[in-house]
S.K.: 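Mind having a look at this structure? Questions to follow.
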Amino acid sequence: MIRVGIAGIGFMGMVHYLSYQKVRSAKVVALCETIQKRLDGDWRDIKGNFGPAGKKMNLKGIAKYDDLDDLLADSNIDVVDVCLPPRFHPDVTIRALKAGKHVFCEKPIALTAKDARRMVAAAQKAKRILMIGHVLPMFPEYGKAYQLIQNGKYGRLMGGSFKRVISDPLWIPNFFDPAAIGGPMFDLHIHDAHFIRLACGMPDSLFTTGRMRGEVAEYFTTQFVYEDSDLAVTATSGVINQQGRSFTHAFEIHLERATLLFDFAMIGDKPELLTPFTVLDSKGKVLQPKLGEGDPMVAFEHELKEVARAVQALKASPILDGQLARDAVVLCQKQTQSLQSGRVVRV
């Protein structure tokens, strides 16, 4: 049984806590939070854009700390699950690794490539596993796409396009602060940057156009350039004033003998599956395989099962690996650099 201590009980901390209840091989044994009522189990003020609403929780038998040092000193903890704002990820993760804990940290790994590299190096030095919460490949559509890319059923990957756009997130304080959240590049596009790195590898260079809001990218499109000139990959992401469409994500992935399609959006308050996961094969067939439940909470359950599996095996997860997450941050920084300079940037 993997024993978990969660640092930070906000929305993601709550999502992780609830998801661990579905993981037989892991158990939450400790919580760390500075808001006393949350340590007391009153989570009714916690809200997010998916999943259940916060409620009063029975936390009997769980150790409760309001100081991180006390959590890290708890010998009953195998894994520290970091659910704090991104600006705290590097410091808390490195401290946990030095304390001998494995770490699962929410995405992004950090807001700079320098900090991400420090975190990866700290895990290697401590001989502990560092995993980052890039849950996108656990969603059924993206998981199936990655499976078909990997197994070669339809030939090699030829590229594709990715989209992830939200309305102006007026409910998130400091969203456009580069030192706090990092704007849509690091809070939103980081998902696709990670998936592109996972599925396509690291590009040689990239070129980004779009617009800035202050010091961070607001809305942008990137062409990723690979040594293989046949591999054509683009991504569009960011924030626009479209409060009637709070979220949309989509992909069109090209394989030698098939095209994979998916398109989902929140229109008003209604989820709209504009294009279910679809395979258009080279023989003219249109296939829409059943993928199972699309509830985001199920994806987090699968993610935490992968965390427990990796810690039990003492072997890094091929999807949640800290070095992949570091590379995603490198891509995001290079995209911002290209947008600001108007030039192609080497990766």
Side-chain angles (χ1 to χ4, degrees), residues 10-12 15 47-51 84-87 89 106-113 132-136 139 141-142 160-197 206-224 233-252 262-275 296 299 325 328-342 345:
F11 175 61
M12 287 312 305
V15 167
K47 298 178 181 179
N49 56 358
F50 67 87
L84 297 165
R87 66 179 180 273
H89 288 181
E106 253 307 315
K107 64 82 193 169
I109 182 173
L111 294 173
T112 68
I132 307 300
H134 280 288
V135 73
L136 192 66
F139 280 76
E141 300 83 7
Y142 288 84
S161 58
F162 300 83
K163 179 175 70 174
R164 188 170 307 273
V165 178
I166 61 172
S167 59
D168 204 335
L170 304 175
W171 65 93
I172 302 179
N174 304 315
F175 184 78
F176 288 94
D177 183 341
I181 294 178
M185 183 69 80
F186 287 91
D187 188 68
L188 187 68
H189 171 69
I190 191 79
H191 285 292
D192 292 308
H194 174 267
F195 191 83
I196 288 168
R197 167 63 182 86
L206 56 82
F207 179 63
T208 301
T209 61
R211 56 179 176 268
M212 301 286 293
R213 185 187 297 196
E215 297 179 66
V216 302
E218 179 183 52
Y219 183 83
F220 46 92
T221 296
T222 299
Q223 177 78 54
F224 299 91
V233 181
T234 62
T236 295
S237 190
V239 167
I240 60 176
N241 187 17
Q242 50 155 43
Q243 302 309 110
R245 186 181 67 171
S246 57
F247 174 77
T248 181
H249 70 164
F251 60 71
E252 179 173 308
F262 172 70
D263 196 341
F264 171 86
M266 287 293 297
I267 307 295
D269 294 324
K270 184 180 178 182
E272 298 281 0
L273 187 55
L274 305 176
T275 305
V329 169
V330 170
L331 289 178
C332 288
Q333 277 199 272
K334 295 293 185 179
Q335 288 174 261
T336 301
Q337 182 183 344
S338 178
L339 177 56
Q340 290 174 314
S341 67
V345 171

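On a predicted model such as this, the values are computed, not experimentally measured, just so you know.
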S.K.: Can you name the nearest heavy-atom pair linking Ala217 to Met185, along with the distance?
M.R.: CB-CE, 3.9 Å
S.K.: State yes or no: are the ring centers of Phe251 and Tyr142 separated by less than 6.0 Å?
M.R.: yes
S.K.: Evaluate side-chain contact (heavy atoms from CB on, under 4.5 Å) for Thr112 paired with Gln333, printing each intermediate quantity in order.
M.R.: CA-CA 7 Å; Thr112 68; Gln333 277 199 272; 4.2 Å; yes
S.K.: Measure the CG-NZ distance between Leu136 and Lys107 for me, rounded to the nearest 0.5 Å.
M.R.: 10.5 Å
S.K.: Could you tell me whether the side chain of Gln243 and the main chain of Asp168 form a donor-acceptor pair under 3.5 Å?
M.R.: yes
S.K.: Within the supplied structure, the quantity of interest is the number of heavy atoms (other residues, nucleotides, ligands) at a distance under 6.0 Å from Glu215 CD; does it exceed 12?
M.R.: no
S.K.: For His189, which of Gln335, Arg164, His194 qualifies under side-chain hydrogen bond (donor to acceptor under 3.5 Å, both in side chains)?
M.R.: Gln335
S.K.: Can you name the one residue among Thr208, Thr234, Thr236, Thr209 that meets side-chain hydrogen bond (donor to acceptor under 3.5 Å, both in side chains) with Thr221?
M.R.: Thr236
S.K.: Indicate, with yes or no, if the rings of His249 and Phe262 have centres closer together than 6.0 Å.
M.R.: yes
S.K.: Within the 4.5 Å heavy-atom criterion, are Asp263 and Glu252 side-chain neighbours or not?
M.R.: no
S.K.: If every non-hydrogen atom of Ala193 is compared with every non-hydrogen atom of Ala328, which pair is closest and at what distance?
M.R.: CB-O, 4.0 Å
S.K.: Kindly say whether Gln337 contributes a backbone atom to a donor-acceptor pair with the side chain of Ser341 at under 3.5 angstrom?
M.R.: yes
S.K.: Considering only heavy atoms from C-beta outward, does the side chain of Thr336 approach that of Val216 to under 4.5 Å?
M.R.: no
S.K.: Of the non-hydrogen atoms in Met212 and Leu339, which two are nearest, and what is the gap between them?
M.R.: SD-CD2, 3.5 Å
S.K.: Ignoring hydrogens, what is the shortest heavy-atom contact between Val330 and Ala113? Give both atom names and the distance.
M.R.: CG2-CB, 3.8 Å
S.K.: Hey, what do you get for OH (Tyr219) to OG (Ser237), rounding to the nearest 0.5 Å?
M.R.: 8.5 Å
S.K.: If every non-hydrogen atom of Leu84 is compared with every non-hydrogen atom of His89, which pair is closest and at what distance?
M.R.: O-NE2, 2.7 Å
S.K.: Please tell me if the side chains of Phe224 and Phe207 come closer than 4.5 Å, counting only heavy atoms from C-beta onward.
M.R.: no
S.K.: One pair to check against salt bridge (charged side-chain N to carboxylate O under 4.0 Å, His left out): Asp177 and Arg87. What are the steps and the verdict?
M.R.: CA-CA 10 Å; Asp177 183 341; Arg87 66 179 180 273; over 6 Å; no
S.K.: Would you compute the distance between atom CG of Leu274 and atom CD1 of Ile267 and round it to the nearest 0.5 angstrom?
M.R.: 6.5 Å
S.K.: Side chains of Ser167 and Ser246: any donor to acceptor distance under 3.5 Å?
M.R.: no
S.K.: Salt bridge or not between Lys163 and Asp192? Use side-chain N to carboxylate O under 4.0 Å.
M.R.: no
S.K.: So which atom in Pro178 and which in Leu111 form the shortest heavy-atom distance, rounded to 0.1 Å?
M.R.: O-CD1, 3.6 Å
S.K.: In the structure I gave you, are the side-chain heavy atoms of His134 and Ile190 within less than 4.5 Å of one another anywhere?
M.R.: yes
S.K.: Side chains of Val165 and Phe247: does their closest heavy-atom pair fall under 4.5 Å?
M.R.: no
S.K.: Would you check if Phe186 and Val329 make a side-chain contact, meaning some heavy-atom pair closer than 4.5 Å?
M.R.: yes
S.K.: May I ask you to test the Arg213-Val239 pair for a side-chain heavy-atom distance under 4.5 Å?
M.R.: yes
S.K.: Does any non-hydrogen side-chain atom of Pro184 lie less than 4.5 Å from one of Asp187?
M.R.: no
